[in-house]
Every structure is written in structure tokens, then in C-alpha cells.
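Each remark here refers to the structure printed beneath this line.
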Amino acid sequence: MQACWQATPNIAVIKYWGKRDDRLNLPTNSSISVTMDDSLKTVTTVRFGKDLLEDRLILNGKEANPEELGRAVRVLDAVRKAAKIKYKAEVISENNFPTAAGIASSASGFAALACAAADAAGLDATTKQLSIFARLGSGSAARSVIGGFVEWKAGKKKDGSDSYAVQIAPASHWPSLRNIVAIVNPEKKEIGSAKAMQITAKTSPLYPARLKMLPKAAEMMKDAIRRKDLEKFLELTMRESSNLHAVMLDSFPPIIYLNDISRRIMRQVHEFNLQKGKICAGYTFDAGPNAHIYTEEKYQKEIEAIISEIPGVLKTIVCRPGDGPKKLS
Ligand code: 2P0
């Protein structure tokens with residue numbers, strides 16, 4: 001009862017920020033993302049065994065802390081319940097991310113865990129089931145069980161049975177799309193996103209306006225993706241990123257993830273677009289200062305060169321749309 005799977009991160013263009021249920025990671029709004037190729041990946045092996053007395057999680061060669069283990073157990077429990085098994089599990093998970101990259105690994109990590117655990121348990125799980133299993137570990141992981149362009153439907157039900165991800169289009173729909181990840185020197189340790197989104201939901205007077213605006217933005221985003229309308233896709237992506245960081249700043253105490261280097265990247269992207277006379281690149285930022293710059297293959301080298309020159313940009317990594325989790329032997 002053992003299986004090994006790899007999964008990759010996804011970078012949202014309509015972001016998840018706020019929960020209607022903290023335990024089940026049910027979001028306040030639907031979100032949209034692109035699953036990346038395996039330039040960045042997590043590889044996870046799960047073994048269920050009669051001989052195991054408790055669940056165990058080894059993360060990048062080290063015993064996981066109780067918080068990390070607790071999240072993994074939520075996923076394992078859901079898989080055990082569905083597969084009607086009681087065995088404890090041993091989980092070994094490795095990220096290939098460059099050390100100190102500061103890229104959130106929870107999405108690829110819990111997606112890989114959900115796929116490996118379901119497979120090891122002998123469950124012939126649907127993507128819907130896998131998305132729900134992954135969501136219990138981390139919200140954004142619900143989107144990483146599917147490749148290409150993905151929507152995580154917020155759902156309305158209390159038990160979360162209607163809160164899972166679906167594919168908008170496969171990676172092959174828009175293979176020339178690129179995400180240039182700019183790893184930025186962090187100035188100080190940030191607050192975790194789970195806590196931060198709670199503060200925003202509770203204290204930001206602008207947050208209700210964001211929630212009201214998002215369904216229309218999501219519809220426009222899906223339309224831009226389906227039509228491969230690069231300019232529209234990039235404009236919506238940048239506007240959404242700024243709206244997210246606006247409600248973060250509007251929280252009390254304010255939540256500030258962007259730093260001077262992030263802002264410099266934003267300015268450089270607009271400068272590049274101005275020079276080209278159209279929108280050819282668009283940034284988005286999650287719960288940290290690292291930039292994700294979406295563009296097309298034809299502008300990749302130019303953008304990489306411009307961004308790499310910015311003082312404080314430590315490294316750039318180029319990702320393409322990816323096909324989602326894969327079973328490894
Ligand atoms: C997203 N983020 O949609 C947004 C954008 C960060 C900013 O999902 O508490 O690690 O584990 O459900 O998924 C980060 O939050 O949060 C996130 P939990 P998660 O990608």
C-alpha cells in the first residue's frame with residue numbers, strides 16, 4: 001500500500017483570500033489559477049502499513065512540526081474514510097525548490113499528498129475527490145490536483161462537498177504562456193496567510209467591495225483565458241493582484257507583503273509595456289514579496305534580463321503551464 005506522486009505549484013490570477021470555514025478550508029470566493037510545469041515540484045511517497053503505530057511526515061528530510069503533521073493527518077483521515085481503511089501512514093515529501101526560495105509549497109505539497117495517499121489506499125479517486133482531499137491540507141492545493149487553467153469553485157454547502165477545482169482549459173491550450181518567478185530578498189518574516197486572511201476578513205472595510213467585484217472579474221478572466229487574449233489576461237491579473245494587496249493594507253493591523261523590490265518590479269513591468277505600446281507582461285504577488293510575471297515566450301528573454309538587473313532580485317525561474325500531478329514509479 002505505497003505510492004509516489006509528484007505535483008506542482010499553481011499561481012492564482014484570481015486569488016483565494018478569506019475562508020467561510022477555517023477547518024475545512026472553504027473559501028469566501030472562487031479563485032482561478034494556472035498550474036505550473038515541473039520546474040518547481042513536490043515529490044511525495046505515502047505508505048499505509050499495519051506495522052505503523054502513528055502517522056508520520058518527513059518534510060525535506062526532517063520530521064514535520066505538529067502543525068504540518070496535523071494538516072497532513074486531515075488529508076490522510078479523509079482518504080482513510082473514503083477507502084474504509086484504518087492503517088496509519090508514513091509520508092515522505094521533498095520539494096525541489098531552491099533553498100530559501102520563499103515560494104509557497106503548500107499547494108504542490110498537499111496536492112501530491114492527496115494523490116499519493118488516495119493511490120496508496122487503493123482508491124480510484126475522481127479529480128473532484130482529490131481536490132477535496134488536497135483542500136483539507138491547504139486551500140490553494142485544491143487547484144494543484146488539476147493541470148492547466150483551473151477554477152476552484154467556492155461552493156455554498158457547509159460540508160464543502162461543492163468546493164473543489166475544475167479545469168477551464170488544459171496546459172496545451174496556451175503552451176506559449178510563461179510565468180517568470182522573481183525571487184526577492186525578504187526584508188522580514190511575514191505573517192502566515194491563514195492568519196492574515198482572517199484579519200482582512202474581520203477588519204478591512206474594503207474587503208466586502210472586493211468580494212462583490214470578484215464574480216465579474218472571474219468571468220472576464222475565464223473569457224480571456226478561453227480566447228487567449230494576452231492583454232486582457234495580464235491587465236486583469238495585475239488589477240487583481242493590486243486589489244488583493246489593497247485589502248491587505250486596508251486590514252488592521254495592516255498586512256504588508258510587498259517590499260521596495262516588489263514595487264520596483266511592478267514599475268519595470270509597466271515601463272516595459274509602455275515601451276512595447278501594449279500589455280506584454282503582467283505581475284502578480286501572493287503572500288510574499290516574490291513576483292510572478294506572466295508573459296508569452298516571445299518576451300521571456302527580455303523580461304528575464306530586465307528583472308534580473310533589479311537590485312534585490314536573487315534569482316529568476318521560468319515556468320510553463322503544466323499538466324498536473326503525475327504518478328512516479
Ligand atoms: C492563492 N494564497 O489563491 C492565494 C493568494 C496566497 C495569496 O492560497 O490556510 O496556503 O492553507 O488554506 O492555500 C495561500 O493560502 O492557505 C493562498 P490555507 P493557503 O493562491
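Nothing here was measured: the structure is a model prediction, and the numbers come from that model. Read the numbers this way: they start at 1 and go in the same order the structure lists the ligands and their atoms.
- Counting only non-hydrogen atoms, the option in Ser193, Ser144, Ala142 that gets closest to atom 15 (O) of ligand 1 is Ser193.
- At a 3.5 angstrom cut-off on N or O pairs, Ser140 counts as close to ligand 1.
- Within a 6.0 Å radius of CZ in Arg239, other residues, nucleotides and ligands contribute 12 heavy atoms or fewer.
- Residue contacts with ligand 1: Ala194 is placed with no nitrogen or oxygen under 3.5 Å of a nitrogen or oxygen of the ligand (distance criterion only).
- Between Glu240 and Arg210, at least one side-chain nitrogen of the basic residue sits less than 4.0 Å from a carboxylate oxygen of the acidic one, meeting the salt-bridge criterion.
- When only interatomic distances are considered, the shortest N/O to N/O separation between Lys19 and ligand 1 falls below 3.5 Å.
- Between the CD1 atom in Ile32 and the CE atom in Met220 there is a gap of 10.5 Å [rounded to 0.5 Å].
- The parts of Ser138 lying near ligand 1 are both backbone and side chain, judged by heavy-atom distances below 4.0 Å.
- Between Arg56 and Glu54, no side-chain nitrogen of the basic residue sits less than 4.0 Å from a carboxylate oxygen of the acidic one, so the salt-bridge criterion is not met.
- Ligand 1 has no N or O atom lying under 3.5 Å from any N or O atom of Lys15, backbone or side chain.
- Considering backbone and side-chain N/O atoms, Asn10 never comes within less than 3.5 Å of an N/O atom of ligand 1.
- For ligand 1, the atoms lying closer than 4.0 Å to a non-hydrogen atom of Met197 are 15 (O), 16 (O).
- Ligand 1 places these atoms under 4.0 Å from at least one heavy atom of Arg71: 11 (O).
- Only side-chain heavy atoms of Arg143 come within less than 4.0 Å of ligand 1; its backbone N, CA, C and O stay farther off.
- Interface of Gly139 with ligand 1, defined as ligand atoms under 4.0 Å from a residue heavy atom, comprises 11 (O), 12 (O), 13 (O), 18 (P).
- Taking the six-membered ring for Trp and thresholds of 30 and 60 degrees, Trp174 and Phe149 have nearly parallel ring planes, at less than 30 degrees apart.
- Listed by atom number, the atoms of ligand 1 under 4.0 Å from Ser106 heavy atoms are 10 (O).
- The two atoms that bring Leu26 and Lys158 nearest to each other are CD1-O, 3.6 Å, heavy atoms only.
- When Glu271, Glu231, Glu302, Glu296 are each tested for a salt bridge (charged side-chain N to carboxylate O under 4.0 Å, His left out) with Lys276, only one passes: Glu302.
- Atom NZ of Lys19 is separated from atom CE of Met197 by 5.5 Å, given to the nearest 0.5 angstrom.
- Which parts of ligand 1 touch Asn25 is read off a 4.0 Å heavy-atom cut-off, strictly below it: atoms 12 (O).
- Polar contact with ligand 1: absent for Asp286 (N/O pair, distance under 3.5 Å).
- Under a cut-off of 6.0 angstrom, the local environment of NZ in Lys222 is crowded, with over 12 non-hydrogen atoms contributed by other residues, nucleotides or ligands.
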